[in-house]
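Working notes, beginning with the structure itself.
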Amino acid sequence: MRRAIEDPEPRIMVDTADRAVMSRIAAPLLLGEQHDQYFVLGHHWPHHLGRALAKAGAAGRPVTVGDLRAWLDTPVPMGLPPELADLVVRVFAEQTSRTILVRGTPVDPAATGSLPADAVVVDQELPDETTWREALARGAAVFGISGVPDMRTARTTAALARKVRDAAAGAEPRLRRLVDALATRGPLVLPSGEDPLATDRARLAVHAQALVQDLRAATGDVAVLRALAGFDLGEYAAQHLGRTVASAEDVIAAVTRTDWNIFGTVTGWPDDHPFAAAAAKVRDDLARVWRANEIAEHLQPALGAADSEARQLVVTVTVVSGAQTVSSRSDVDALVGRLADVVAQGRRLEVTWREAS
């Protein structure tokens, strides 16, 4: 029944083994018609019980499960045992987007067990169709949410809102760390004076963080979906935020793995340094990717390449120009002193020697 309710037609293929059961149970209960292959959802109870609910609502009194059971027997008694009467009530509640509250707590319409006669049946607020469609699309694009039926019902509204809340809660700490990493490491990568939070990558991270914060602050299922559907994406597409959210953990890990001391040493070499041009290229290449968004340029491999190239430049710095012959203790002392000076500057050395005959 749930599959039929959530199907747009609503008409569903039923497995061969289940067709006899649907014919034996669903049809006599006026829930729909089982044909040779397909089950077609019926609308008898939404019409019949809906009219009774409207009259009760006009009278200003709450409607209970006991009321619905009684209305099943009008104008012709159905004579249903309690478990079948409750089955009809549960299907009706889900088909008409109503919630059954037991002492104020919603119950799953598909759960087994008898319903208390004093359980209250209330209308469930739903998002409008435009909000629902946009929330579905953005949930998939930003957070990778799937598995929620397209039909807008009380159950699917609750399911989508729950998945959005869970996704936002998981993304918030990652985005906070991503924004912090881009802000603190950006000055090492970008030219002096360039705002590290003004890059496309950083602005997207801040934007995604703001969306997540709005979603976590929303109260109620419909409010969550409205916050998602109504969030101002500005110049970006939902897919841009989605890529930022999805890649945040990998980018943070790559930033953490980078040896920023070595990178800072290499990119800080003066213009007259023999490897200044190579160091500038390392920084410029990384800065270009650092500014871009993650769809345009992936930062993780760029960081790995920059880190590797900076390490290689440090390792290949030549301490002594040309060959030097060491033939006395004073020569050794002088060479060690020069090596110590370079080490004190934070550089790494590659030293080779050959024993002369």
Side-chain angles (χ1 to χ4, degrees), residues 177-206 247-248 250-357:
R177 295 198 306 272
L178 176 62
V179 171
D180 180 67
L182 295 175
T184 56
R185 298 306 184 185
L188 294 174
V189 178
L190 303 171
S192 177
E194 184 172 341
D195 183 359
L197 291 180
T199 66
D200 209 27
R201 184 178 303 278
R203 290 167 60 200
L204 269 167
V206 171
S247 64
D250 289 340
V251 170
I252 293 165
V255 171
T256 303
R257 286 193 300 269
T258 301
D259 191 325
W260 292 103
N261 289 329
I262 290 179
F263 184 86
T265 296
V266 168
T267 57
W269 285 340
D271 292 341
D272 59 353
H273 191 282
F275 292 102
K281 185 178 186 306
V282 171
R283 179 171 182 169
D284 291 346
D285 288 347
L286 181 58
R288 175 181 54 79
V289 179
W290 191 277
R291 293 187 187 97
N293 65 69
E294 189 65 17
I295 288 181
E297 298 275 5
H298 297 328
L299 184 56
Q300 184 183 14
L303 276 168
D307 186 51
S308 176
E309 292 166 5
R311 290 172 185 268
Q312 186 63 36
L313 281 173
V314 169
V315 167
T316 57
V317 167
T318 304
V319 178
V320 181
S321 298
Q324 178 172 341
T325 301
V326 178
S327 57
S328 66
R329 179 57 183 267
S330 61
D331 291 337
V332 172
D333 291 341
L335 181 58
V336 169
R338 296 179 66 184
L339 294 174
D341 289 340
V342 175
V343 171
Q345 298 172 18
R347 301 181 183 179
R348 296 186 181 185
L349 312 174
E350 179 179 328
V351 179
T352 60
W353 71 90
R354 177 174 59 85
E355 182 177 353
S357 57

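Numbers here simply count residues along the sequence, with the first being 1.
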Thr258 side, atom OG1; Leu286 side, atom CG - distance, nearest 0.5 Å: 8.0 Å
Point-to-point distance, once rounded to the nearest 0.5 Å, from CD1 of Ile252 to CG of Leu299: 11.0 Å
Show your working on salt bridge (charged side-chain N to carboxylate O under 4.0 Å, His left out) between Lys281 and Asp285 and close with a plain yes or no. CA-CA 6 Å; Lys281 185 178 186 306; Asp285 288 347; 2.7 Å; yes
Counting N and O atoms only, with roles assigned by atom type, does the side chain of Arg283 sit under 3.5 Å from a partner on the main chain of Gly268, one being a donor and the other an acceptor? no
Scanning both residues in full, the closest heavy-atom pair of Pro196 with Ala183 reads CG-O, 3.7 Å
From the list Thr265, Val189, Asp307, side-chain contact (heavy atoms from CB on, under 4.5 Å) with Trp260 holds only for Val189
Specify the closest pair of heavy atoms between Ala205 and Leu182, including all atoms of both residues, with the distance to one decimal. CB-CD1, 4.2 Å
Minimum heavy-atom distance Ala198-Arg203, with the two atoms named: O-CD, 3.4 Å
Any chance you could lay out the side chain to side chain contact (heavy atoms under 4.5 Å, CB included) test for Thr267 and Leu188, step after step, and finish with the verdict? CA-CA 8 Å; Thr267 57; Leu188 294 174; over 6 Å; no
Non-hydrogen atoms of Ala181 and Val255 that approach each other most closely: CB-CG1, 4.1 Å
Got Asn293 and Thr199 here, is their nearest side-chain heavy-atom distance under 4.5 Å? no
A side-chain contact here means heavy atoms from C-beta on lying under 4.5 Å apart; do Phe263 and Val282 qualify? yes
Mind listing the closest non-hydrogen atom pair of Val289 and Arg201 along with its distance? O-NH2, 2.9 Å
State whether the side chain of Ser247 and the backbone N or O of Asp250 hold a donor-acceptor pair below 3.5 Å, judged by distance alone. no
To the nearest 0.5 Å, what is the distance between OG (Ser308) and CG (Asp259)? 12.0 Å
Taking all atoms of both residues into account, what is the closest heavy-atom pair of Trp290 and Leu303, and its distance? CZ3-CD2, 4.0 Å
Would a distance-only check, ignoring hydrogens and angles, find a side-chain to backbone donor-acceptor pair under 3.5 Å from Arg291 to Leu190? no
